[in-house]
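Presented below is the structure to which this report refers.
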Amino acid sequence: MTGQAIYMDSSLAGGTTLSLGRQLVANGCVTENQLDRALRKQQNDHPTAGNNEHLVGRTLVDLGYISQSALLDCLFSQFSREREAYRADTGETPIIHLKQVVKILDGRRVLDAIDIAIPAKRVTAIIGMSGGGKSVILKHMVGLMRPTQGEVRVGEHLLGALSPRQLAQVRRRFSFLFQGGALFDSLNVYDNVAFPLREKTDWSESVIHDRVMRCLEEVNLFGMERKFPDELSGGMMKRAALARALVTDPEILLLDEPTAGLDPIIENAIHYLICDTYMRTRYTMVIISHAVPEIFRWCHHVIALHKGKVLFSGPSTEIGQSRNPVIRQFISGDIDGPIQVI
Amino acid sequence: MFSQTIDFIQKIGATFLENIQEMGRMFLFLWDVALSFVTPPFRWTNLLKQIHFIGIRSLFVIALTAIFAGMVLALQGYYTLSRFGSEALLGPAVALSIIRELGPVLSGLMVTGRAGSALTAELGIMRIREQIDALDVMGIPPLKYLITPRVEAGLIIMPLLTVIFDVIGILGGYLVAVRLLGMSSGTYFGGIESAVEMRDIVTGLIKSVSFGLIVTWVCTYKGYYTRRGAEGVSQSTTSAVVMSSVLILVCDYFITSIML
Ligand SMILES: Nc1ncnc2c1ncn2[C@@H]1O[C@H](COP(=O)(O)OP(=O)(O)OP(=O)(O)O)[C@@H](O)[C@H]1O
Ligand SMILES: [Mg+2]
């Protein structure tokens, strides 16, 4: 397998069924005319911007055709319709596939022969008890950890069989939000977000600047770009790290607890941001979350883990009906039940 | 009793194997770093930053060590040489000890203490906060990005620091010999000029380059493979400093014995 071939299959995932602007028109959020005008204004303002779809929502807001919250609501209701229509067994090949993966860490079987299939271009949530191996699973998906047994596939690539160079190519399709943010201490927020662009693209500094500022604005960190990571609150750090994950326009976005430790308003805002990003870009997203049951509204597919095994894997609309006592306890948060914590 | 003995032997064996493994890993690490020297891309700004970091950080402490090392050498040397009535050899005695031994060795030790420990701690923190993993996921080889410029900087900066040490050390000797003990400066410097050969300087420089490699290799290795949180960082920092100091002295002996 050559590097060329890897590049080619990464482009396979492009092309969404209905553009964002079309969706807004179809949902009656804006008129055909307004969309036309917004697209034209955008052409004038950002003649160099590659994919105009990313901007059209903002331009519509700027022109006053729709308010920011109405735009988000519109996107969310569109997302909800898709979510309800989602069926797990479509027979599509999953984009990431963990087959019979066993991982032993310090003598403990953290993953016990699990099978996980991440559907392409969908939002998947992974839930489970703290210490249940969720972060470990995410690290397997990008080859940061190797399975003790079993195999991990991304597209048609078997991660274990790739050379370091090929692995690096596959990794370019990913963005990873680490649980702790993993911002570089020696760089300020701006440089942190610009970092992957400076290292991986040959874009000019002004193009990079535009893109970084847009991402910072999206996560509501405008004006914070000169601060260093140790001067940020936990929530700001998470959002800066999220901006760094979004800036490279990845094909697959892995988010390890994007909302943990944040206040409910910011948590909600981040859920909207993720949904908004998904609707605009159709990335494949995998989100680890403790925000049960809210997270079920924001994802198509749910995977529930317990003691290194998969308890549930299916549409988020179906997990509520699960009869499994562990899942029921997890959703309700009861102290009584099969999971004994006290 | 019997099983205790077995246990004991087993422990020794396990420790021995662990150490062999660790050595193997260290040499593989060095090999990877050496390979990365010749693979593009070359990040010059990174290298300059590291040269600045290692050099500036160590400059003051090296100057301070050098001046006192030179002074004490002159004092001791004068005391010894005057017993045999050969005070005139003080200049060469000071200069040769500094250029051949003390310059490279003390510079190496000072750089270890000052910059090496900082290298380990910095990389260790990057490791435990998953920043190294973050680089990896971005498709940027962390070894090439983080380690290569640091080792290269060590190779470049150590000889420079050693030369600075040599000059300041000889001047320190001059302060004591000429200003304090009343020797003529012509005798002091003249003796140095006639006694120091190119070979002495080359020996000193070979040592300094080797020590630069040892310091950056050991310290980056220990930092890069840090585990177990904040305590792990402090452990790797300590062991990096101890190990590179010991290695410097061991290596010094072997280079001296080869070059004599
Ligand atoms: N590098 C490692 N070395 C040894 N053990 C590890 C390592 N990483 C994780 N573990 C162990 O694997 C188990 C699962 O860890 P993991 O971080 O995946 O949990 P998690 O499901 O993400 O929990 P949380 O929700 O609290 O983040 C834990 O028991 C942890 O101690
Ligand atoms: Mg985790």
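Convention: sequence-line order gives letters A, B, ...; per-chain numbering from 1.
In this structure, the side chains of A/Ile303 and A/Ile127 stay at 4.5 Å or more apart for every pair of heavy atoms. The shortest side-chain heavy-atom distance between B/Leu119 and B/Phe53 falls under the 4.5 Å cut-off.
Using modelled atom types, one side-chain atom of B/Thr120 and one backbone atom of B/Cys219 make a donor-acceptor pair closer than 3.5 Å. A donor-acceptor pair under 3.5 Å is absent between the side-chain atoms of B/Asp252 and the main chain of B/Ile248, judged by distance alone.
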What are the sub-3.5 Å donor-acceptor pairs between chain B and chain A, distances to 0.1 Å?
unit_1   : atom_1 : unit_2   : atom_2 : d
B/Arg43  : NE     : A/Glu199 : OE1    : 3.1
B/Arg43  : NH2    : A/Glu199 : OE1    : 2.8
B/Arg129 : NH1    : A/Asp185 : OD1    : 3.1
B/Arg129 : NH1    : A/Asp185 : OD2    : 3.0
B/Glu130 : OE2    : A/Lys139 : NZ     : 2.8
B/Gln131 : NE2    : A/Leu183 : O      : 3.0
B/Gln131 : NE2    : A/Asp185 : OD2    : 3.1
B/Asp136 : O      : A/Arg171 : NH1    : 3.4
B/Asp136 : OD1    : A/Arg171 : NH1    : 2.8
B/Met138 : O      : A/Lys200 : NZ     : 3.1

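Dense packing is recorded around CD of B/Glu22, with more than 12 heavy atoms of other residues, nucleotides or ligands lying under 6.0 Å away. Counting heavy-atom neighbours within 6.0 Å of B/Phe37 CZ, excluding the residue itself, gives a total above 12.
With a 4.5 angstrom heavy-atom cutoff, A/Leu183 touches chain B only via backbone atoms. Only the side chain of B/Ile125 comes within contact range of chain A, judged by heavy atoms closer than 4.5 Å.
The aromatic ring centroids of B/Trp217 and B/Phe27 lie less than 6.0 Å from each other.
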